[in-house]
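Working notes, beginning with the structure itself.
Counting from 1, the numbers follow the sequence of the chain as shown.
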Amino acid sequence: MASSRPPRVDWLVLLALVLTLSFWMKPAIAQRSTQSLSSEVFSLRRRVTQLETEVRSLRSQNLTARTAPSLAQPSTPTPVIGGAGIGPSDPLFARLSILVIELKERIVVLETQTTDLQARLDGQLENAP
């Protein structure tokens, strides 16, 4: 039995369907490729940080081997935040070091204030009847 539509109409309907599906699928495909690219960039950054750490470790081992082989120290592990290694070349490392310095300064101020308060309290206790 033959179709009631001419063969050209079937091809046009099929072509329209294919075009509609291709336009509809483009954003989903682009989003998946963007996610995979960002994941790959993240992995590459982590690997570069690991390689930098290994190079530093090898350099320090080389230097310590030349000067005093018995004093060789194990390399310090790379800090890991959010699953990624943080090295000196990472901007987060610089920010973290600034925060540590600021924290140390605040601790010094708090210790000074605590000492002053303790001295005042001791003075008040001595003057109490």
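Between T53 and R56, the closest side-chain pair of non-hydrogen atoms falls below 4.5 Å.
Using a 4.5 Å cut-off between side-chain heavy atoms of Ile, Leu, Val, Met, Phe, Trp and Tyr, L99 forms no hydrophobic cluster with any other residue.
Partners of D122 by side chain to side chain donor-acceptor pair (under 3.5 Å), not counting sequence neighbours, listed by chain and number: Q118. Under the side chain to side chain contact (heavy atoms under 4.5 Å, CB included) criterion, L51 pairs with R47, E54, sequence neighbours left out.
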Pairs under 3.5 angstrom only: tabulate donor-acceptor contacts from the side chains of residues 104-113 to other protein residues two or more places apart or in another chain.
{"from": "T112", "atom 1": "OG1", "to": "V108", "atom 2": "O", "distance (Å)": "2.9"}

